[in-house]
Amino acid sequence: MSKREPPNTSATVIRLTHSIADVAEISGVGRSFLYEQIKLGRLVIKKAGRRSLVMDADLKSWLATLPTKIA
């Protein structure tokens with residue numbers, strides 16, 4: 001029998017979902033704005049019990065739809 005090696009902690013973790021707090025941090029916008037976007041149907045969430053989760057693909061799609069401001 002061989003010993004099990006510990007998981008590689010240097011590997012990059014790919015997240016499939018993000019919490020609202022994570023999305024606020026990643027995108028640089030406030031939680032109130034995010035909840036407004038959810039209410040308007042622009043940002044899609046999934047519910048896991050009481051938790052609101054944003055799929056990574058939905059976050060990227062939402063970010064892509066934000067207006068571009070030319071300086």
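Worth knowing before you read on, the calculation uses all heavy atoms, side chains too, and leaves out hydrogens, waters and symmetry mates.
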(request) To the nearest 0.5 angstrom, please state how far the CG atom of Asp58 sits from the OG1 atom of Thr17. (result) 11.0 Å
(request) Kindly give the cluster partners of Ile45, where membership spreads through any ILVMFWY side chain lying under 4.5 Å from a current member. (result) Ile20, Val23, Ile26, Val29, Phe33, Leu34, Tyr35, Ile38, Leu43, Val54, Leu59, Trp62, Leu63, Leu66
(message) Quick test of your reading: applying salt bridge (Lys or Arg N to Asp or Glu O under 4.0 Å), list the pairs with at least one residue in residues 20-29, sequence neighbours left out, ordered by first then second residue.
(response) Arg15-Asp22
(request) Could you list the residues that satisfy side-chain hydrogen bond (donor to acceptor under 3.5 Å, both in side chains) with Lys60, not counting sequence neighbours? (result) Asp56
(request) With sequence neighbours excluded, give me every salt bridge (Lys or Arg N to Asp or Glu O under 4.0 Å) pair touching residues 40-55. (result) none
